[in-house]
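Notes follow the structure.
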Amino acid sequence: QVHLVESGGGLVQSGGSLRLSCAAAGTIVGTAYIAWYRQAPGKQREFVALVTDESTTMYADSVKGRFTISRDNAMNTVYLQMNSLKPEDTAVYYCKSPSHSWGQGTQVTVSS
């Protein structure tokens with residue numbers, strides 16, 4: 001399986017924003033869904049958000065109202081706009097679909 005490539009992470013202060021990108025080597029049209037997950041140090045990987053091929057979205061309760069997932073089929077890319085970031089959002093963020101294997105992730109660090 002080919003993996004997706006995550007980017008856009010960084011260091012931001014509490015209350016700040018970041019936009020993560022998840023790029024596929026080929027088309028994402030027809031991919032049932034693409035999801036974002038995150039893993040904080042010492043914790044299990046957890047679901048953050050997903051977008052289906054019909055652009056239906058789902059979010060974890062912890063990020064509802066702050067994060068927005070979207071997809072650009074022409075760019076073969078899925079985005080995660082993260083606003084009002086909190087220190088507890090600090091984690092490595094990964095994107096995944098049923099057709100792709102896990103990538104390297106992108107580090108997000110939110111300072112208080």
Side-chain angles (χ1 to χ4, degrees):
Q1 282 186 329
V2 178
H3 61 267
L4 299 163
V5 178
E6 305 92 344
S7 63
L11 173 64
V12 64
Q13 288 188 332
S14 182
S17 298
L18 284 174
R19 188 177 80 156
L20 305 184
S21 298
C22 168
T27 182
I28 60 173
V29 174
T31 301
Y33 66 86
I34 295 178
W36 284 96
Y37 297 84
R38 66 187 182 186
Q39 187 167 20
K43 295 187 177 181
Q44 289 189 330
R45 193 171 296 178
E46 64 176 3
F47 168 77
V48 175
L50 70 78
V51 59
T52 71
D53 59 353
E54 296 181 347
S55 294
T56 299
T57 58
M58 293 179 61
Y59 297 92
D61 288 343
S62 59
V63 307
K64 278 181 184 176
R66 300 188 298 122
F67 291 10
T68 303
I69 189 170
S70 62
R71 63 191 290 161
D72 184 337
N73 289 340
M75 297 297 291
N76 300 323
T77 301
V78 169
Y79 301 99
L80 186 68
Q81 178 67 43
M82 307 187 296
N83 298 329
S84 302
L85 283 162
K86 305 175 182 180
E88 50 263 45
D89 294 317
T90 295
V92 178
Y93 284 70
Y94 303 87
C95 57
K96 180 74 169 67
S97 86
S99 307
H100 299 85
S101 57
W102 292 102
Q104 295 295 316
T106 186
Q107 175 71 48
V108 172
T109 303
V110 184
S111 63
S112 57

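By convention here, the first residue in the shown sequence is residue 1.
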Atom pair OG1 (Thr31) and CZ (Arg71), whose distance is rounded to the nearest 0.5 Å: 6.5 Å
So which atom in Ser14 and which in Ser112 form the shortest heavy-atom distance, rounded to 0.1 Å? CB-CA, 4.2 Å
About how many Å separate OH of Tyr93 and CG of Leu80, when rounded to the nearest 0.5 Å? 7.5 Å
Tell me whether Glu88 at atom CD has more than 12 heavy atoms from other residues, nucleotides or ligands lying less than 6.0 Å away. yes
With the 4.5 Å side-chain cut-off for hydrophobic clustering, are Tyr79 and Leu20 part of the same group? no
In Å and rounded to the nearest 0.5 Å, what is the OH to CD distance from Tyr94 to Glu6? 8.0 Å
Verdict with reasoning, Phe67 to Leu85, per side-chain contact (heavy atoms from CB on, under 4.5 Å): CA-CA 9 Å; Phe67 291 10; Leu85 283 162; 3.8 Å; yes
Heavy-atom side-chain contact between Val12 and Met82 under 4.5 Å: no
For a side-chain contact (heavy atoms from CB on, under 4.5 Å) check, start with the C-alpha distance between Thr90 and Gln107, then their side-chain angles and the critical distance, and finish with the verdict. CA-CA 8 Å; Thr90 295; Gln107 175 71 48; 4.1 Å; yes
Could you tell me if the side chain of Val78 sits less than 4.5 Å from the side chain of Cys95, heavy atoms only? no
Gap between atom OG of Ser55 and atom CD1 of Ile69 - 0.5 Å precision: 10.0 Å
Side chains of Asn83 and Ser17: any donor to acceptor distance under 3.5 Å? yes
Rounded to the nearest 0.5 Å, what's the gap from OG on Ser111 to CD on Gln13? Could you check? 5.0 Å
List the steps and the verdict of salt bridge (Lys or Arg N to Asp or Glu O under 4.0 Å) for Asp61 and Lys64. CA-CA 5 Å; Asp61 288 343; Lys64 278 181 184 176; 3.2 Å; yes
Show the nearest heavy-atom pair for residues Ala24 and Leu4, with the distance to one decimal. CB-CD2, 3.5 Å
Considering only heavy atoms from C-beta outward, does the side chain of Thr27 approach that of Asn73 to under 4.5 Å? no
For Tyr37, does the six-membered ring have the charged nitrogen or CZ of Arg45 within the cation-pi criterion, i.e. under 6.0 angstrom from the centroid and within 45° of the normal? no
Assess the residue pair Arg38 and Ser62 against the criterion (side-chain contact (heavy atoms from CB on, under 4.5 Å)); give the C-alpha distance rounded to whole Å, side-chain angles, the decisive distance to 0.1 Å, and a yes or no. CA-CA 12 Å; Arg38 66 187 182 186; Ser62 59; 3.5 Å; yes
Does Ile34 belong to the same Ile/Leu/Val/Met/Phe/Trp/Tyr cluster as Phe47, with side-chain heavy atoms less than 4.5 Å apart forming each link? no
The reported gap from OH in Tyr33 to NZ in Lys96 (rounded to nearest 0.5 angstrom) is 6.5 Å
Minimum heavy-atom distance Met75-Thr77, with the two atoms named: O-OG1, 2.8 Å
Contact summary for Tyr59 and Thr68, nearest pair of heavy atoms: OH-CA, 3.4 Å
What pair of heavy atoms forms the shortest contact from Asp89 to Ser84, and how long is it? OD2-O, 4.4 Å
Joint hydrophobic cluster, Val51 plus Leu18, side-chain heavy atoms closer than 4.5 Å: yes
